[in-house]
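As structure tokens, the structure follows; a few thoughts come after it.
In what follows, chains are A, B, ... by sequence order, proteins preceding strands, each numbered from 1.
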Number of protein chains: 2
Amino acid sequence: MTSTIAKINLLKTSTQEAWLHQALANLDLILLDHSHCERKAAGAALNFMFRYPSYAPLVRKLTAIAQEELEHFEQVNQWLDRRGIPLAPLTPPPYGATLKTHVRPPEPVRLLDSLLMTALIEARSHERLGLLGEHCPEPELAKFYRSLMASEARHYGVYWVLADTYFERNVIEQRLDELATVESDILSNLHPEPRIHS
Amino acid sequence: MTSTIAKINLLKTSTQEAWLHQALANLDLILLDHSHCERKAAGAALNFMFRYPSYAPLVRKLTAIAQEELEHFEQVNQWLDRRGIPLAPLTPPPYGATLKTHVRPPEPVRLLDSLLMTALIEARSHERLGLLGEHCPEPELAKFYRSLMASEARHYGVYWVLADTYFERNVIEQRLDELATVESDILSNLHPEPRIHS
């Protein structure tokens, strides 16, 4: 794909060109899904804070992330408003639910898997918003996507740093390798409905 | 009670003096519980946004509230940090769970009851933080409580306005009257563990 963001750190494979074509042909739907993604990202940060209320570094860092995701949610909703797209429910792609089945239930690996899974989701969002920022034919919207990219990169960095705070480096790297393979496999067949993670 | 905030709008009865004595004798515990309350308030706002994703006025107003609650959560956590109180789980008082049993499950009354219940919780927080702002013997901490009061008042106003956006005024008033009675009844016996809503 003609992209300067060939491959983001954590990700095993780059997004296929078919996704970009699908997304560019459905910009309104992608914006609506993006709104849902930002709300879900805020919800994910908050869920960690509810589940691990005494993990001070986690609570402190994810409070800031939740605030930023809500800010992005508000910004995406302003874009929807300007384009006359009403807020509406949207069936999610299988991406998130499939990833979640790979989170091992017992602690402490549940925390490890959840942090790495969230890091991967943020890394993929970062890559795909970057592609939209480069290829979106509407200059203002492209600029908006580029403005979000820096934060998304910070976000997946924070989830990685939190994993590194609570777990051994070699344990993290092995599990990240496994989950990154799962993540790339899920996206290897383009989901027919246009979504950020189709 | 010697208070200029004798009775807040929505509430049926004022907080009894016994609560203030209990709280002032346990300022550290009250701060820790307050941290949990702010996180739960952010979570409550976000839950509404997840449950009613296409209700634009609700989504817009509660995005702002969730952001503000997270800001307060962060501020309370800084107070904990300064006082050397570690973040820790805390058993909640029966207040929230008991109130929730009065939310009728079917829509649309579920939304009405949830909005009014949350308005009542915010109104009670407003009243009690106000009491701490007046009576806390530590001037800096008292000032902090007073600084939060204005927001808390706005918050219960927002939940009331949202009820007013989606329901008839007379329906709201009747249900508010019922739930406010429940709310006051729950607090009529002081919970033995010091909490914001003991």
Using a heavy-atom cutoff of under 4.5 Å, enumerate the residues of residues 74-91 of chain A that contact chain B, numbered in order, or state 'none'. A:Glu74, A:Asn77, A:Leu87, A:Ala88, A:Pro89
Taking atom CD1 of B:Ile65 and atom CG of A:Leu70, what is their separation to the nearest 0.5 Å? 12.0 Å
Please flag which part of A:Leu46 lies under 4.5 Å from any non-hydrogen atom of chain B: side chain, backbone, both or neither. side chain
Greater than 12 external heavy atoms within 6.0 Å of B:Asn189's CG: no
Grouping I, L, V, M, F, W and Y whenever their side-chain heavy atoms are under 4.5 Å apart, do B:Leu111 and B:Val59 come out in a common cluster? yes
Counting heavy atoms not belonging to B:Tyr95, are there more than 12 under 6.0 Å from its OH? yes
Following the transitive rule for hydrophobic clusters with a side-chain heavy-atom cut-off under 4.5 Å over Ile, Leu, Val, Met, Phe, Trp and Tyr, establish whether A:Leu10 and A:Val171 coincide in one cluster. yes
Around B:Glu168, counting heavy atoms of other residues, nucleotides and ligands shown, do more than 12 lie under 6.0 Å from its CD? no
Taking a hydrophobic cluster as the set of Ile, Leu, Val, Met, Phe, Trp and Tyr residues connected by side-chain heavy atoms closer than 4.5 Å, whether directly or through intermediates, do A:Leu187 and A:Leu20 fall within one such cluster? no
Part of residues 99-109 of chain B lying next to chain A, heavy-atom separation under 4.5 Å: none
Within-4.5 Å side-chain heavy-atom neighbours: B:Thr63 and A:Glu38: no
Go through the atoms of A:Phe50 and report whether side chain, backbone, both or neither lie under 4.5 Å from a heavy atom of chain B. both
Between B:Leu112 and B:Leu176, is there a shared hydrophobic cluster once you connect ILVMFWY residues whose side-chain heavy atoms come closer than 4.5 Å? yes
Same hydrophobic cluster for A:Met117 and A:Leu11, using side-chain heavy-atom links shorter than 4.5 Å among ILVMFWY? no
Check the surroundings of atom OH in A:Tyr55: do more than 12 heavy atoms from other residues, nucleotides or ligands lie under 6.0 Å from it? no
